[in-house]
Amino acid sequence: MKLQLYTLKSRHFLNGIDVSQLKIQQGITLLLLSCLTIFSANTSAGTLEQAKQLHDRIAGVPASEQTLNEMSVLLSDSKPIEAAYLAMENPAFYSTTLKLFATPWTNIDQDSFAPLNDYSATVIGAVRDDVDFRQLLQADMVYVGDNSLNLPAYSTRDNAHYQALEDQFIDLKSGLERTTQSSVNGLPSDATAGVLTSRAAAKAFFYLGTNRAMVRFTLMNHLCTDLEPLKDNTRSPDRIRQDVSRSPGGDSRLFINNCLACHSGMDPLAQGFAYYQYDFDVESDPDGDSGAITYNQSGQIDPDTGTRVQGKYHINSTSFPYGYVTEDDEWQNYWREGVNQKLGWDESLNGKGFGAKSLGQEFANSQAFAQCQVKKVFKTVCLRDAESTEDINQIAATTASFQQNSYQLKRVFAEVGNYCMGE
């Protein structure tokens, strides 16, 4: 009996260690190692899936295996911004995502599929080069196809140069180069205002009319608001032009409650474009396809006004002869007071000036401009408008980051792309 007991004990104890307990501990260790391996594999799969979603949202096309792996490593290393920038190396980000992003701003119909033009190409180039995006509304710049591409020359009278870029499927990431707008369209440098004085913008927003459309669509495209939300009938009507009746249909209340609410702020701003026109032959070219932006330079006198002011600013002057007569291009922002202070005008600017360049600066330095760019990127990347409190907070945070990081729009795409990556 004693011998059997000893033998039994020898099976379970070795040098004072309970062998059965050791086996249990080994089993637990193997189980933990197995779980860790599974967790590691799942984490890798998770970052790969995130990388795919991030790339798809930003570039709009599938990524290569190498790019996905590199992005996955960056995400695993807590470098999401770098991962997003890697996705933006894909040429499709420029030729597809950014083209669809910018093209609606270039035409009244807000058609995303309109041809590439000097407006949309300049947006794409400015994003690529990390240009301070505020320069889009004020700088003497335009992006054209590289000289080595043997394209038709830039012309103030047609869009052939940009149509060729598109028709030949030129890689816009490498095929665009920056030049001065004044060197290709004949405007004085101090009369250039980025995309506002591009041929495409002139064709769309200086076409016939009274140049008020340029104010309205600049607000829509770059401050994300139309005129209706800005109506304020407490502003002075002293700069409203003669073509606006003070009693439409014989009812002055319509003017006070509707017309004045928009025109009191819009007309003083539109005066900044008083020397600009889109010139074309209405009879032979009713759509203005062969037209060009023109500008009355110092010493030029318009026969209809007797000043540098374009004749369109004096049309229908008999509607209300006592209305404002435009004599120069001095603009003033009446919306710096009243309810439209909400647009966040820059207090370092004085809210008035001469011409399109200083007016573009006024728009571009507003809080609304910065927030608008973030909202547009959010919709492009997340494929929806902001819906929740979290979305609104993200837009606010990215707007602050946009301003702090020299208004570089690629940074906005990176931050928003990471926010929507898991959707």
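When a residue number appears, it is its place in the shown sequence, counting from 1. What you are looking at is a predicted structure, and each value in this text was computed from that prediction instead of being measured.
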- prompt: Looking at Asp346 and Arg134, does any basic side-chain N land under 4.0 Å from a carboxylate oxygen?
  reply: no

task: Show your working on side chain to side chain contact (heavy atoms under 4.5 Å, CB included) between Leu75 and Asn418 and close with a plain yes or no.
output: CA-CA 10 Å; Leu75 290 172; Asn418 277 282; 4.1 Å; yes

- prompt: Roughly how far, to the nearest 0.5 Å, is CZ of Phe93 from NZ of Lys410?
  reply: 7.5 Å

message: Restricting to non-hydrogen atoms, name the atom on Gly175 and the atom on Leu165 that form the minimum distance, rounded to 0.1 Å.
response: O-CD2, 4.5 Å

task: Return yes if some donor-acceptor pair links the side-chain N/O of Thr305 with the main-chain N/O of Thr307 below 3.5 Å, else return no.
output: yes

- prompt: Judged by atom type as modelled, is there a donor-acceptor pair below 3.5 Å linking the side chain of Asp329 to the main-chain atoms of Ala356?
  reply: no

- prompt: Is the NZ atom of Lys79 crowded by more than 12 outside heavy atoms at less than 6.0 Å?
  reply: no

task: Any chance you could lay out the side chain to side chain donor-acceptor pair (under 3.5 Å) test for Asp304 and Tyr313, step after step, and finish with the verdict?
output: CA-CA 9 Å; Asp304 294 326; Tyr313 277 72; over 6 Å; no

message: Please determine whether the number of non-hydrogen atoms from other residues, nucleotides or ligands lying under 6.0 Å from atom CD of Glu327 exceeds 12.
response: no

- prompt: Would Tyr154 and Asn185 count as having a side-chain donor-acceptor pair, cut-off 3.5 Å?
  reply: no

message: Are the side chains of Leu86 and Glu82 in contact, using a 4.5 Å heavy-atom criterion?
response: no

Atom pair NZ/CG of Lys203 and Asp158 - distance to nearest 0.5 Å: 11.5 Å

- prompt: Distance-only, no hydrogens or angles: does the Lys379 side chain make a donor-acceptor pair with backbone N or O of Asp385 under 3.5 Å?
  reply: no

Test: Arg239 and Glu330 ion pair at under 4.0 Å: no

task: Indicate yes or no for a side-chain donor-acceptor contact from Thr380 to the backbone of Lys376 under 3.5 Å, with no hydrogens or angles considered.
output: yes

message: Closer than 4.0 angstrom, basic N to acidic O: yes or no for Asp328 and Arg308?
response: no

query: Within the side chain of Gln310, is there an N or O that forms a donor-acceptor pair under 3.5 Å with the backbone of Asp302?
result: no

task: Please tell me if the side chains of Leu359 and Met214 come closer than 4.5 Å, counting only heavy atoms from C-beta onward.
output: no

query: Is the number of heavy atoms from other residues, nucleotides or ligands within 6.0 Å of NZ (Lys231) greater than 12?
result: yes

message: Are more than 12 heavy atoms, taken from residues, nucleotides or ligands other than Glu387, located less than 6.0 Å from that residue's CD atom?
response: yes

- prompt: Does Glu347 CD have over 12 foreign heavy atoms under 6.0 Å away?
  reply: no

query: Is Lys173 atom NZ crowded by more than 12 heavy atoms from other residues, nucleotides or ligands, each under 6.0 Å away?
result: yes

message: Quick check for you: to the nearest 0.5 Å, what is the distance between Arg235 atom CZ and Met266 atom CE?
response: 15.5 Å

task: Compare all side-chain heavy atoms of Asn340 with those of Lys342 and state whether any distance is below 4.5 angstrom.
output: yes

Closest non-hydrogen atom pair between Asp146 and Ser148, with its separation: OD1-OG, 2.6 Å

- prompt: Do Leu409 and Phe402 have side chains that get closer than 4.5 Å, going by heavy atoms?
  reply: yes

Minimum heavy-atom distance between Ala201 and Tyr119, given as atom pair plus value: CB-CD1, 3.8 Å

message: Do Met88 and Phe413 have side chains that approach each other closer than 4.5 Å (heavy atoms only, starting at C-beta)?
response: yes

- prompt: So, does Asn107 use its side chain to make a donor-acceptor pair with the main chain of Thr103 at under 3.5 Å?
  reply: yes

task: Start with the C-alpha distance between Phe369 and Gln373, add both sets of side-chain angles, then the distance that settles side chain to side chain contact (heavy atoms under 4.5 Å, CB included), and finish with yes or no.
output: CA-CA 6 Å; Phe369 173 85; Gln373 313 318 309; 3.3 Å; yes

field: Side-chain donor/acceptor of Asp226 to backbone N/O of Met220, under 3.5 Å
entry: no

- request: Consider only side-chain N and O atoms of Tyr324 and Asp267, and report whether a donor and an acceptor are under 3.5 Å apart.
  value: no

message: Within a 6.0 Å radius of atom CD on Gln361, are there more than 12 heavy atoms belonging to other residues, nucleotides or ligands?
response: yes

- request: Mind checking the CG-CD spacing from Asn150 to Gln168? Nearest 0.5 Å is all I need.
  value: 9.0 Å

- request: Check whether any side-chain heavy atom of Leu116 sits under 4.5 Å from a side-chain heavy atom of Ile124, and report yes or no.
  value: yes

- request: Answer with yes or no whether the side chains of Asp238 and Tyr334 bring together a donor and an acceptor at under 3.5 Å.
  value: yes

OG1-CG distance between Thr106 and Asp111, expressed to the nearest 0.5 angstrom: 8.0 Å

message: Would the distance check show the side chain of Asn117 and the main-chain N or O of Ala200 forming a donor-acceptor pair, the cut-off being under 3.5 Å?
response: no

- request: Could you tell me the separation between the CG atom of Leu343 and the OG atom of Ser366, rounded to the nearest 0.5 Å?
  value: 6.5 Å

task: Write down the atom of Asp232, the atom of Glu337, and the distance for their closest heavy-atom approach.
output: OD2-O, 4.3 Å

- request: Applying side chain to side chain contact (heavy atoms under 4.5 Å, CB included), run through Arg241 and Asn316 and close with a yes or a no.
  value: CA-CA 9 Å; Arg241 293 184 223 163; Asn316 298 324; over 6 Å; no

query: Does the separation of the ring centres of Phe273 and Phe205 fall below 6.0 angstrom?
result: no

- prompt: Does Gln53 offer a backbone N or O that forms a donor-acceptor pair with the side chain of Asp56 under 3.5 Å?
  reply: no

field: Pair Arg157, Ser155: side-chain N/O donor-acceptor within cut-off below 3.5 Å
entry: no

message: Counting C-beta onward and ignoring hydrogens, is there a side-chain heavy-atom pair between Gln297 and Pro188 closer than 4.5 Å?
response: yes

statement: Paired with Thr122, the side-chain contact (heavy atoms from CB on, under 4.5 Å) test is passed by just one of Leu176, Val144, Leu136, namely Leu136

Polar side-chain atom of Glu415 near backbone of Val412 as donor-acceptor pair, under 3.5 Å: no

field: Residue pair Glu390 / Gln394, side-chain donor-acceptor N/O under 3.5 Å
entry: no

query: Taking atom types as modelled and ignoring hydrogens, do the side chains of Tyr278 and Arg199 form a donor-acceptor contact shorter than 3.5 angstrom?
result: yes

- prompt: Taking C-beta and beyond as the side chain, do Ile395 and Thr399 meet within less than 4.5 Å on heavy atoms?
  reply: yes

Asp243 versus Ile315, closest heavy-atom pair with distance: CB-O, 3.3 Å

message: Testing the basics here: between Leu54 and Pro80, what is the closest heavy-atom pair and its distance to 0.1 Å?
response: CD2-O, 4.4 Å

task: Mind telling me whether Phe133 and Trp105 have parallel, tilted or perpendicular rings, with 30° and 60° as the class edges?
output: perpendicular

Whether Tyr295 and Tyr275 hold their rings parallel, tilted or perpendicular, with breakpoints at 30° and 60°: perpendicular

task: I would like to know whether Arg128 and Leu98 meet side chain to side chain contact (heavy atoms under 4.5 Å, CB included); could you show each step before the answer?
output: CA-CA 10 Å; Arg128 182 197 68 186; Leu98 287 181; 6.0 Å; no

Polar contact flag, side-chain donor to acceptor under 3.5 angstrom, Gln271-Asn211: no

- prompt: Where do Tyr143 and Asp129 land on the side chain to side chain donor-acceptor pair (under 3.5 Å) test, with the steps shown first?
  reply: CA-CA 11 Å; Tyr143 278 79; Asp129 294 345; 2.6 Å; yes

